[in-house]
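Just below is one structure, and these are the notes that go with it.
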Amino acid sequence: MHTFGHPVRIEELAALCEEWHIELVEDAAESIGSTYEGKHTGTFGKIGAISFNGNKTITTGGGGMMLFNDEALGEYAKHITTQAKVPHRWEFCHDHIGYNYRMPNINAALGCAQLENLDKYIASKRKVAQEYIEFFKNFDGIDFFVEPVNTFSNYWLSAVVLKDKEAQLEFLQQTNDNGVMTRPIWELMNRLPMFENCENDGLKNTIWFADRVVNIPSSVRVEDL
Ligand SMILES: Cc1ncc(COP(=O)(O)O)c(C=O)c1O
């Protein structure tokens, strides 16, 4: 998963998966336009997925896109996501359990129009991030999260890392009280009621970030388009 649009160390993960014979499925939901050493996120694993949900860099209202290197697997995904109907002039025969996950043409048209502007959207988000980098240089204890080396991030959601949970709460309080919408990281899944009894390894790093990260306004600016 390429969190907030920042490419993860995907080559290391791919090597581990190869060594242990694990299929790599890459969640690039947040990282359209982001690359790792020049290669698009979502193209390192067996399957990648990009989200076009309403909160993403481009949206079709809902839905998304799956990425495959293996053409046959791509065809199979297309088949089972479009009701697994065997093409025939009049017969309705379905050769698998299928799903009605096709993207309606009208939604796809929205996506195509936005794809043409993707570079501009990302340039705007990166400009916003650059301004945050300059701004937060003046603050001790607030680190603006930047793209890892050898990567290009779409900066889908800009983020700061505060010094501890108390500082995080203070930052959330001050900004929201003053009309600036900021948010902590999503609630950790192991804390949700339906997963609270699932096994985990203590999640030390996850909890460290959950206690410190705040997402700050990151929208594309109209004046950049
Ligand atoms: C990392 C990640 N994975 C999966 C999803 C789910 O995508 P969708 O909303 O298109 O189902 C999202 C966000 O919506 C996401 O941020």
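Keep in mind it's a predicted model, so treat the numbers as computed, not measured. By convention here, the first residue in the shown sequence is residue 1. Counting starts at 1 for both ligands and their atoms, following the listed order.
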Output yes when a side-chain donor or acceptor of S218 lies under 3.5 Å from a complementary backbone atom of I216, and no otherwise. yes
When only distance counts, is E30 in polar contact with ligand 1, meaning an N/O pair under 3.5 Å? yes
Does Q83 offer a backbone N or O that forms a donor-acceptor pair with the side chain of H94 under 3.5 Å? yes
Which of the atoms in ligand 1, numbered in the order shown and given with their element, are less than 4.0 Å from a heavy-atom of N53? 9 (O), 10 (O), 14 (O)
For the side chain of D177 and the backbone of Q174, is there at least one donor-acceptor N/O pair under 3.5 Å apart? no
Using a 4.0 Å cutoff against the non-hydrogen atoms of M1, which atoms of ligand 1 qualify? 1 (C)
Starting from atom 3 (N) of ligand 1, what is the nearest protein heavy atom, named by residue and atom, and what distance separates them? D27 OD2, 2.7 Å
So, is S51 polar-close to ligand 1, with some N/O to N/O distance under 3.5 Å? yes
Atom 14 (O) of ligand 1 sits nearest the protein heavy atom K56 NZ, 2.7 Å
Sub-4.0 Å protein heavy atom near atom 1 (C) of ligand 1: yes
Hey, which atoms in ligand 1 end up nearer than 4.0 Å to a heavy atom of G63? 10 (O)
Do the charged groups of E75 and K78 touch, with an N to O distance under 4.0 Å? no
Verify side-chain hydrogen bond (donor to acceptor under 3.5 Å, both in side chains) between T182 and N176, making sure each step is shown before the conclusion. CA-CA 6 Å; T182 61; N176 283 284; 3.1 Å; yes
Is there a path of hydrophobic side-chain contacts, each under 4.5 Å between heavy atoms, that joins L115 and I50? yes
Locate the shortest heavy-atom distance separating T41 from S31; write the atom from each residue and the value. OG1-OG, 2.9 Å
Which residue owns the protein heavy atom closest to atom 5 (C) of ligand 1, what's the atom, and how far is it? A29 CB, 3.8 Å
Under-4.0 Å protein heavy-atom contact, atom 16 (O) of ligand 1: yes
